[in-house]
Amino acid sequence: MVKKIAFVYLMFIALSCNYALAEGKIMHFNLGLNQIINLQFDSARYTISKIDNNAERLFLNHYSAFFAILVNKDAVANANYSKKVSQTLKGLQEADDHPNKMAFISEVYFQKSLIQYQNNNLFSALSSFSNAYSYYKKSESGHPGLRANKKLNALYNLLFSNLPKMHSNVASWFGMSGSQELGFKLLNEYLQDVKAEDGLHSEALLFNVYSLLKFNVEDDQITQFFEEHGKTLTSPFLQAITLQCAFKIRQPDLFNAYVSNSDSQFWMLRYLNAKNKLLHNDARGIKEMTAYLASNTFKDYKADGYNLLSWYYAINSDTAAYWHCQKALLQLEEYPTSEDKKAKYEAELHQYPNECILLGRMLFDAGYFKQAIVNFDSGKLSVKKSDLLEFYYRYARALEYLGRTNEALIYYEKAIGLSADDKRYFGPYAAFYSAQIYDRKNDRKNALQYYKLGNDLNNGEYKNAISTKIDMALSKL
């Protein structure tokens with residue numbers, strides 16, 4: 001679990017900070033960094049060549065390769081990475097003294113650990129991660145006022161405060177602990193510190209939005225980010241992460257409201273825009289998702305893409321097309337993302353979905369909570385007894401998002417009542433969300449009772465993920 005959390009979080013740890021340089025050199029570093037985050041690798045390569053300082057040039061060249069591999073799926077860069085990172089670390093160790101030298105080395109080790117993780121070299125990834133933390137501490141000790149250290153301090157606070165309790169206890173033995181509140185406070189301070197510097201500002205936006213995506217925050221915190229920074233998100237990659245945040249809080253329409261619609265052909269944006277259309281039952285999503293699947297030479301989100309297509313066909317009563325997509329999904333060789341793994345798991349059940357429940361699920365994910373309730377009310381007579389557990393659970397979720405929490409608790413209770421011998425996630429999550437409602441009402445007694453019930457029911461699907469959520473919630477109760 002530590003490795004997974006480190007991976008999904010540190011994937012976007014990047015890179016730069018406080019430079020006592022002449023104006024032109026600051027401009028080159030910031031411009032190169034901004035070009036990398038905007039996936040303009042050829043332009044970045046030229047800009048980086050203009051940087052005189054060897055440490056900074058080495059650092060940005062490595063960052064460009066790292067970004068090309070993990071974000072742009074560059075197979076050539078991945079094949080040459082081992083040699084590249086060794087040369088970078090050797091060069092940084094030998095470079096003239098620079099205030100960011102230890103921070104540079106720390107961040108390169110971070111990036112190295114993530115590439116190793118991607119290539120399934122887990123032991124080496126953990127070793128690199130340990131080196132990264134060690135060099136961060138050296139940077140903090142040698143240059144306590146460095147902006148890079150404020151950024152890294154924020155990220156470590158977020159990372160360690162979101163570890164499961166057991167792993168958090170282990171980390172504390174090595175002096176590793178954190179506060180999520182402090183982490184976000186420092187990230188926001190860092191964002192303000194670098195707002196006049198395009199490259200560093202783009203990087204700071206990336207840290208903020210990715211942290212909002214990966215960690216447990218209130219929906220209002222994400223909405224506030226859209227309102228304050230949406231118009232500044234011009235990078236296709238930043239826009240893609242932001243759209244994922246909108247999906248996280250079931251408000252994908254926020255993306256179009258606050259973020260300029262991008263015509264970018266960046267692969268992640270293509271997938272997410274097609275997903276958005278399919279959830280809205282928009283037929284244009286068929287063409288866009290089919291094109292994405294046909295042109296995607298790597299594996300990310302292919303299974304989820306087929307699954308979303310199958311949903312569209314199911315609610316439009318095209319049974320043959322539904323099973324065709326499900327078959328294509330199961331014939332894939334890899335399922336790299338959590339969305340892909342979930343799609344594979346559901347496809348392996350070989351069950352044709354109840355159209356009322358599926359349409360309600362899609363309306364909910366698209367942010368149409370009232371329409372989801374209307375759909376559930378009009379179609380409830382079509383729900384078989386074996387589907388009632390899922391029906392009650394999804395009905396409760398829509399009610400909760402409408403603020404009708406007392407009614408939601410009634411339907412969560414109905415779902416819990418059908419969960420004793422069921423291995424699906426609906427029961428334990430119904431208990432978890434009930435506990436969250438009581439927690440927000442400051443009813444600690446009932447919150448504790450339902451968190452415990454969630455653990456008692458948690459004996460099947462997504463067991464580790466549910467257990468982690470409950471442990472983290474209990475630690476903050």
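All values reported here derive from a predicted model rather than from experimental measurement. What's counted below: heavy atoms across the whole structure, side chains too, no hydrogens, waters or symmetry copies. Sequence positions, counted from 1, serve as the residue numbers for this chain.
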Among side-chain atoms of [X] and [Y], is any donor-acceptor pair under 3.5 angstrom?
X	Y	result
N157	N153	yes
H62	Y81	yes
Y271	D304	yes
R270	S295	yes
Q326	Y313	no
N458	S467	no
Y450	E413	yes

Ignoring hydrogens and geometry, is there a side-chain-to-backbone donor-acceptor pair from [X] to [Y] under 3.5 Å?
X	Y	answer
Q180	N216	yes
N316	Y312	yes
N354	C356	yes
N208	A204	yes
D340	Y301	yes
N276	L272	no
K277	R284	no
Q239	L233	yes
S64	L60	no
K299	L332	no

Starting at [atom1] of [X], measure out to [atom2] of [Y] and round the result to the nearest 0.5 Å.
X	Y	atom1	atom2	result
F255	T242	CZ	OG1	7.0 Å
C245	K214	SG	NZ	9.5 Å
D365	H280	CG	NE2	10.5 Å

L187 and S211: side chain to side chain contact (heavy atoms under 4.5 Å, CB included), yes or no, with the steps? CA-CA 9 Å; L187 269 187; S211 298; 3.5 Å; yes
Suppose the criterion is side chain to side chain donor-acceptor pair (under 3.5 Å): which pairs have a residue in residues 420-439, not counting sequence neighbours?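 Of all non-adjacent pairs touching residues 420-439, those that pass side chain to side chain donor-acceptor pair (under 3.5 Å) are R394-Y425, D422-R424, Q436-Y451.
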Taking all heavy atoms of S128 and all of K112, pick out the closest pair and write down the distance.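 Nearest heavy atoms, S128 then K112: OG-CD, 3.6 Å.
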Could you check whether K151 makes a cation-pi contact with F207, meaning its NZ or CZ is under 6.0 Å from the centre of the six-membered ring and within 45° of the ring axis?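 No, K151 does not lie over the aromatic ring of F207.
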Flag side-chain contact, heavy atom, 4.5 Å: S419 against L389: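 Answer yes - side chains close enough.
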A side-chain contact here means heavy atoms from C-beta on lying under 4.5 Å apart; do T88 and N61 qualify?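 No, their side chains stay 4.5 Å or more apart.
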Considering only NZ, NE, NH1 and NH2 on the basic side and carboxylate oxygens on the acidic side, decide whether E400 and R397 come within less than 4.0 Å.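 Looking at E400 and R397, the cut-off is met.
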If you measure from the Lys or Arg side-chain nitrogens to the Asp or Glu carboxylate oxygens, is any gap between K344 and E348 under 4.0 Å?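 A salt bridge is present here (some side-chain N lies under 4.0 Å from a carboxylate O).
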Y395 and ring-ring contact (aromatic ring centres under 6.0 Å, His included): which single residue from Y392, Y393, F391 fits?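 Filter result, single survivor: F391.
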Mutual orientation of the aromatic rings belonging to Y322 and Y352 [parallel < 30°, tilted 30-60°, perpendicular > 60°]: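 Y322 vs Y352 ring planes: perpendicular.
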Would you call the rings of Y292 and W267 parallel, tilted or perpendicular, where under 30° means parallel and over 60° means perpendicular?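 Aromatic pair Y292/W267 classed parallel.
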So for atom CD, which belongs to Q221, do other residues, nucleotides or ligands contribute more than 12 heavy atoms lying within a distance under 6.0 Å?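 More than 12 within 6.0 Å, yes.
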Y136 and F110: aromatic ring centres closer than 6.0 Å?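 Between F110 and Y136, which both carry aromatic rings, the centre distance is not below 6.0 Å.
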